[in-house]
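Here the structure is laid out as structure tokens; the discussion comes afterwards.
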Amino acid sequence: MGYGLPSKQTVNAVGGRLQARSVRVGCRLWALDGDRTVQTVVTQVTTAKVREVVDVVTDHVTFRVAPDQMLGTPDGWVHARDTHGTVLAWTHARKLCRQRLVVRPGYEPGYMIGASCADGTVGRNYVSLVVNDEAFAARFAACLTTATGLPTRLESVTRPSGYLQRDAPGYRVRVVSSYLADLMRQYVGGDAHHMRQRFPRVVLRDRETFEGFLDGYTDGDGFRSKSWRGRLLVSANVPFLAELARVIGARFTPRRDGGASHLVVAESWPSRGIFKPEQHALELRESAWTEVREVRLRRVESPKPFTLHSYRLDPARAS
């Protein structure tokens, strides 16, 4: 049957979508390389005439390819005609052209994550922090810029205070970046809501990152004691605090009345020797899985067959 795409099937080029028949040598296309999207260059275009193609219907998109076209699945490469009921590697086409960030490891990303887990907001395409303490907001802004390279600035804002029964002054740091927003959701398990977020195990890469996380979370939802060497962290998200307690080997007893629970973090916790660094990627996983709902065979009986277009790419990939 051959490989390739019918003439009118669209492909994701770096400059925007193109029909398969419009792709030329030298065109730059997007491709998945593991969990990352990368740019490739078309070095050769070949065509073939066939009388059968298949429509692959997934949860997100329907596309048409040659029956023998190889598609990525969790079990390896599978012919398109045999993909019904499995899942395919996939990424959002609309997110291909956005700015990608290189997160610099160390204390700063740890602080950024900790502060966001405590007091931050992760929207569809932005990350923000609104707090009363100007110094806290400034530290968050500086760490975010150092970790991601994104520019930040402090804004003076007011927000309603239930305790004071009036608007109170505050400071906001807001960065518009769908990439960073997706990255923060990835770190906390997919849902950044403070009551549903998971403990971000990415901060266990090394002690420096974890210390940054503790400082950021403490500045947001905790405090350092003046009478003993340690800090107290506060959250109503019991699973979050329970997992953090296991990391540092601390005792943790959640409140039973549904209120916010407290976790005591003594400054001597490293002496327990329980901290174990873990391997976690700082980069965003841009690939996802989409289920194949149906595979439809398309056959032409007329004199005009389908024209398949296939490409040789650099780095070497088959398309």
Side-chain angles (χ1 to χ4, degrees), residues 1-20 23 27-40 42 52-101 122-125 177-193 196-198 202 280-298 306 308-311 313 315 317-319:
M1 291 294 181
Y3 298 89
L5 310 176
S7 297
K8 294 185 178 181
Q9 176 62 47
T10 58
V11 297
N12 293 311
V14 173
R17 289 188 177 185
L18 292 174
Q19 289 187 337
V23 175
C27 284
R28 301 186 68 85
L29 303 182
W30 288 105
L32 275 174
D33 182 13
D35 289 333
R36 302 276 290 173
T37 56
V38 297
Q39 295 184 19
T40 61
V42 178
E52 291 182 350
V53 295
V54 292
D55 289 341
V56 180
V57 183
T58 74
D59 290 330
H60 295 281
V61 68
T62 299
F63 58 92
R64 183 169 293 181
V65 294
D68 285 346
Q69 177 66 43
M70 304 300 291
L71 301 176
T73 75
D75 298 321
W77 295 99
V78 176
H79 291 294
R81 64 172 179 268
D82 300 325
T83 55
H84 180 254
T86 187
V87 293
L88 302 179
W90 172 83
T91 192
H92 286 276
R94 292 183 179 180
K95 296 182 178 181
L96 289 172
C97 296
R98 63 185 177 178
Q99 178 187 3
R100 284 160 176 76
L101 306 177
V122 179
R124 182 180 62 85
N125 67 340
S177 169
S178 65
Y179 189 96
L180 180 59
D182 286 348
L183 194 59
M184 294 301 298
R185 280 188 285 268
Q186 173 181 299
Y187 289 161
V188 297
D191 190 340
H193 188 281
R196 297 186 294 272
Q197 65 185 357
R198 299 177 186 175
V202 68
H280 295 282
L282 288 170
E283 296 80 13
L284 179 66
R285 294 189 298 270
E286 296 181 272
S287 67
W289 299 109
T290 182
E291 184 174 354
V292 178
R293 298 294 185 180
E294 186 179 0
V295 178
R296 304 170 185 159
L297 179 65
R298 299 289 185 182
F306 294 105
L308 295 181
H309 303 260
S310 59
Y311 320 113
L313 306 176
R317 296 172 188 281
S319 176

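In this chain, residues are counted from 1 in sequence order.
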Closest approach of [X] to [Y] (non-hydrogen atoms, all atoms of both residues):
| X | Y | result |
| --- | --- | --- |
| A181 | G123 | CB-O, 3.5 Å |
| A80 | A66 | CB-O, 3.7 Å |
| G34 | S287 | O-OG, 3.6 Å |
| H309 | S7 | NE2-OG, 3.0 Å |

Under 3.5 Å, is there a donor on one side chain and an acceptor on the other for E286 and T37?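 Note: E286 and T37 side chains meet the donor-acceptor criterion.
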Indicate whether the side chain of Q39 and that of R28 have a donor and an acceptor atom separated by less than 3.5 Å.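 Note: Q39 and R28 side chains meet the donor-acceptor criterion.
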My understanding is that only one of D59, T58, T62 makes a side chain to side chain donor-acceptor pair (under 3.5 Å) with R293; could you say which?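 Option passing the side chain to side chain donor-acceptor pair (under 3.5 Å) with R293: D59.
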Test ring pair (Phe, Tyr, Trp, His ring centres under 6.0 Å) on W77 and H79 and set out the steps. CA-CA 7 Å; W77 295 99; H79 291 294; over 10 Å; no
Validation row: [X], [Y] side chains within 4.5 angstrom (heavy atoms):
| X | Y | result |
| --- | --- | --- |
| V54 | R298 | no |
| L308 | V53 | yes |
| V56 | V65 | yes |
| Q9 | Q19 | no |

For the [atom1] atom of [X] and the [atom2] atom of [Y], what is their distance to the nearest 0.5 Å?
| X | Y | atom1 | atom2 | answer |
| --- | --- | --- | --- | --- |
| L96 | R94 | CG | CZ | 12.0 Å |
| T10 | N12 | OG1 | CG | 6.5 Å |
| L284 | L180 | CG | CG | 10.0 Å |
| L18 | C27 | CG | SG | 6.0 Å |
| R98 | H92 | CZ | NE2 | 9.0 Å |
| F63 | D55 | CZ | CG | 9.5 Å |

Kindly say whether [Y] contributes a backbone atom to a donor-acceptor pair with the side chain of [X] at under 3.5 angstrom?
| X | Y | answer |
| --- | --- | --- |
| T83 | T86 | no |
| Y311 | A20 | yes |
| T73 | V87 | no |

Between [Y] and [X], is there a salt bridge with N-O shorter than 4.0 Å?
| X | Y | answer |
| --- | --- | --- |
| D182 | K95 | yes |
| R100 | E283 | no |
| R196 | D191 | yes |

Inspect the surroundings of CZ in R185 and state if more than 12 heavy atoms from other residues, nucleotides or ligands are less than 6.0 Å away.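 Counting neighbours around CZ of R185, more than 12 heavy atoms of other residues, nucleotides or ligands fall under 6.0 Å, so yes.
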Verify side-chain contact (heavy atoms from CB on, under 4.5 Å) between L5 and R64, making sure each step is shown before the conclusion. CA-CA 7 Å; L5 310 176; R64 183 169 293 181; over 6 Å; no
As a quick check of understanding, evaluate side-chain contact (heavy atoms from CB on, under 4.5 Å) for L29 and T40, giving each step before the final call. CA-CA 5 Å; L29 303 182; T40 61; 3.9 Å; yes
Please assess L88 against V292 for the test side-chain contact (heavy atoms from CB on, under 4.5 Å), listing each intermediate value before the final yes or no. CA-CA 7 Å; L88 302 179; V292 178; 3.6 Å; yes
Begin from the C-alpha positions of S178 and R124 and carry the test side-chain contact (heavy atoms from CB on, under 4.5 Å) through to its verdict. CA-CA 7 Å; S178 65; R124 182 180 62 85; over 6 Å; no
